[in-house]
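Any value given below was found using the heavy atoms of this structure, including those in side chains, with hydrogens, waters and symmetry copies removed. We name chains A, B, ... by the order of the sequence lines, and we start the count at 1 in each one. What you see is a predicted model; the values in this text were computed from it and never measured.
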There are 2 protein chains.
Amino acid sequence: MASKKISMAVIKRLPRYHRYLNYLLELGIKRVSSKELSSRMGITASQIRQDLNCFGGFGQQGYGYNVESLYNEIGNILGINKTFYCIIIGAGNMGQALSNYGNFIKRGFEVIGIFDVNPEVVGKKLKNLEVMNLDSLEEFILHNRVDIAMLCVPYRETATVADRVARLGVKGLWNFSPMDLKIPYDVIVENVHLSDSLMVLGYKLNDKFERE
Amino acid sequence: MASKKISMAVIKRLPRYHRYLNYLLELGIKRVSSKELSSRMGITASQIRQDLNCFGGFGQQGYGYNVESLYNEIGNILGINKTFYCIIIGAGNMGQALSNYGNFIKRGFEVIGIFDVNPEVVGKKLKNLEVMNLDSLEEFILHNRVDIAMLCVPYRETATVADRVARLGVKGLWNFSPMDLKIPYDVIVENVHLSDSLMVLGYKLNDKFERE
DNA sequence: TAGATTGTTAATCGATTAACAATC
DNA sequence: TAGATTGTTAATCGATTAACAATC
């Protein structure tokens with residue numbers, strides 16, 4: 001796979017294509033042209049064709065794209081056929097919300113462990129998993145394959161926990177803290193900065209009202 | 001404010017500047033040059049100066065930027081000095097997580113109501129608010145100023161609830177469902193597509209492993 | 001004043017859109 | 001075959017970076 005580098009702008013659109021194709025699939029639609037997908041998604045047909053052609057020629061001239069096979073192709077590119085083993089660190093509301101989010105498993109993300117420090121929470125069952133004490137984190141990771149750690153601990157703890165997890169060889173961090181992690185290990189971090197997103201919404205609202 | 005349009009790329013970086021400046025403030029640092037901020041944030045000094053100059057000349061030649069006043073300026077631009085009144089719809093784990101997230105209030109987002117349909121949840125106290133029945137949504141919005149609705153309901157309900165809320169004049173939606181809302185009202189939607197974010201992380205992990 | 005650093009213009013780079021030959 | 005639609009190249013647009021005169 002000595003492919004040319006694909007830009008993040010393209011990658012970030014893939015899950016969205018995947019969702020739309022899934023929707024078409026559920027509607028029983030068999031084929032779709034870039035033009036039709038374009039009008040549904042509100043992006044140009046040109047962009048759709050460019051994006052898809054980063055990964056291969058999935059379409060057929062004069063016909064368009066087969067919905068099911070394109071859905072599967074994009075799924076493969078995103079790796080949802082593989083399983084990523086995940087742990088959730090911090091079993092507060094956010095951690096619990098993630099543990100209950102059934103959509104993840106459909107997309108290949110399986111939660112195999114949940115950790116917390118709070119004695120009132122440790123031992124509690126969430127879904128089919130018992131919350132473990134954070135002290136046993138090291139042991140757990142040594143004995144189980146863990147690809148991704150989902151960090152849902154309070155702000156103050158995040159940097160420490162992230163470092164601890166990365167040191168043990170976990171390769172992906174999904175960070176819910178409003179901070180940018182800097183870790184001296186070879187780790188991929190994906191941030192979910194909720195307050196950033198909310199502030200952008202606030203900006204847009206202000207902007208709109210001021211202009212009107 | 002007949003200003004030239006500011007690109008989303010710039011807007012989206014503002015909360016991040018805001019966070020870093022807050023951090024510098026906490027460290028007791030009084031002034032910062034674009035060069036120093038650049039090395040801390042990992043973006044070019046040029047970009048920082050360009051971004052800030054979209055909104056005004058906040059710096060001083062030969063000196064740099066005063067941390068506190070720049071922090072405040074960006075806060076103003078983001079509107080965190082104003083209060084946005086918010087309701088949470090859906091008091092499941094995600095809704096509860098949001099209701100407990102104290103950071104929002106600091107940034108001007110105040111939750112004034114929480115709604116659910118589940119009789120087991122309605123009436124329950126979350127923080128200082130009692131979960132209301134979704135049936136009383138209309139009445140509540142008519143009698144209270146609601147700027148933003150945070151949608152934490154299951155996938156199937158999202159479109160309906162979004163429409164209902166928008167029809168009542170709520171101007172901002174913060175959407176946690178993995179779907180792109182299409183609403184025939186004049187509403188600003190900001191999406192938090194958690195599974196999209198997770199899939200991008202999955203892609204990056206795959207990509208890295210395949211290349212190595 | 002000399003040094004530092006901004007604000008801003010110009011140059012570059014990358015991403016999006018348009019166009020069209022290839023082909024189903 | 002004629003019509004449709006892709007894959008792909010070329011043109012455009014926008015965002016980032018570089019450069020430097022202005023000025024504190």
Nearest-Å distance, [atom1] ([X]) to [atom2] ([N])?
{"X": "Asp51(B)", "N": "dT17(D)", "atom1": "CG", "atom2": "P", "answer": "10 Å"}
{"X": "Lys35(A)", "N": "dG7(D)", "atom1": "NZ", "atom2": "P", "answer": "17 Å"}
{"X": "Gln61(B)", "N": "dT23(D)", "atom1": "CD", "atom2": "P", "answer": "7 Å"}
{"X": "Ile48(B)", "N": "dG7(C)", "atom1": "CD1", "atom2": "P", "answer": "12 Å"}
{"X": "Leu52(B)", "N": "dT16(D)", "atom1": "CG", "atom2": "C1'", "answer": "15 Å"}
{"X": "Leu37(A)", "N": "dA4(D)", "atom1": "CG", "atom2": "P", "answer": "19 Å"}
{"X": "Asn66(A)", "N": "dT6(D)", "atom1": "CG", "atom2": "P", "answer": "13 Å"}
{"X": "Leu70(A)", "N": "dT6(D)", "atom1": "CG", "atom2": "P", "answer": "11 Å"}

OP1 or OP2 of [N] sitting under 4.0 Å from any side-chain N/O of [X]?
{"X": "Tyr65(B)", "N": "dC24(D)", "result": "no"}
{"X": "Arg49(A)", "N": "dA18(C)", "result": "no"}
{"X": "Ser34(A)", "N": "dT5(D)", "result": "no"}

Check against side chain to side chain donor-acceptor pair (under 3.5 Å), Asn93(B) and Asn93(A): CA-CA 6 Å; Asn93(B) 291 116; Asn93(A) 292 117; over 6 Å; no

Check the interface with nucleotides 11-15 of chain D: list each N/O to N/O pair with the protein under 3.5 Å, or write none.
none

Just checking, any donor-acceptor pair under 3.5 angstrom between side chains of [X] and [Y]?
{"X": "Tyr185(A)", "Y": "Arg167(A)", "value": "yes"}
{"X": "Asn206(A)", "Y": "Lys82(B)", "value": "yes"}
{"X": "Asn191(B)", "Y": "Asn175(B)", "value": "yes"}

Considering all heavy atoms of both residues, which atom of [X] and which atom of [Y] are nearest to each other, and what is their separation?
{"X": "Trp174(A)", "Y": "Ser197(B)", "value": "NE1-OG, 2.8 Å"}
{"X": "Tyr17(A)", "Y": "Gln47(A)", "value": "OH-O, 4.0 Å"}
{"X": "Leu37(A)", "Y": "Val32(A)", "value": "N-CG2, 3.9 Å"}

When we call it a touch if two heavy atoms are under 4.0 Å apart, what does Thr44(A) touch: a base, just sugar-phosphate, or nothing?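 If one applies the 4.0 Å heavy-atom cut-off, Thr44(A) turns out to touch the sugar-phosphate alone, with no base involved.
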
Under 3.5 Å, is there an N or O donor on one side and an acceptor on the other linking the side chain of Gln50(B) and the base of dT16(D)?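 No pair found.
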
Output, in order, the C-alpha distance, side-chain angles, deciding distance and verdict of ring pair (Phe, Tyr, Trp, His ring centres under 6.0 Å) for Phe104(A) and Tyr101(A). CA-CA 6 Å; Phe104(A) 295 157; Tyr101(A) 198 52; 4.6 Å; yes

Closer than 4.0 angstrom, basic N to acidic O: yes or no for Lys182(B) and Asp180(B)?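 Result for this pair is no, no salt bridge flagged.
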
Candidate nucleotides dG7(C), dT6(D), dA19(C), ranked by approach to the side chain of Ser46(A) - the nearest: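 Selected nucleotide (nearest to the side chain): dA19(C).
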
Parallel, tilted or perpendicular: ring planes of Phe84(A) versus Phe109(A), cut at 30 and 60 degrees: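 Phe84(A) and Phe109(A): parallel rings.
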
For DNA chain D, what dot-bracket results from Watson-Crick or G-U pairs at under 3.5 Å, with [ ] for crossers and | for inter-strand partners? ..||||||||||||||||||||||

If you assign Tyr63(A) and Ile43(A) each to the DNA chain C nucleotide with the nearest heavy atom, which residue ends up on the more 5' nucleotide?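 Whichever sits nearer the 5' end wins; that is Ile43(A).
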
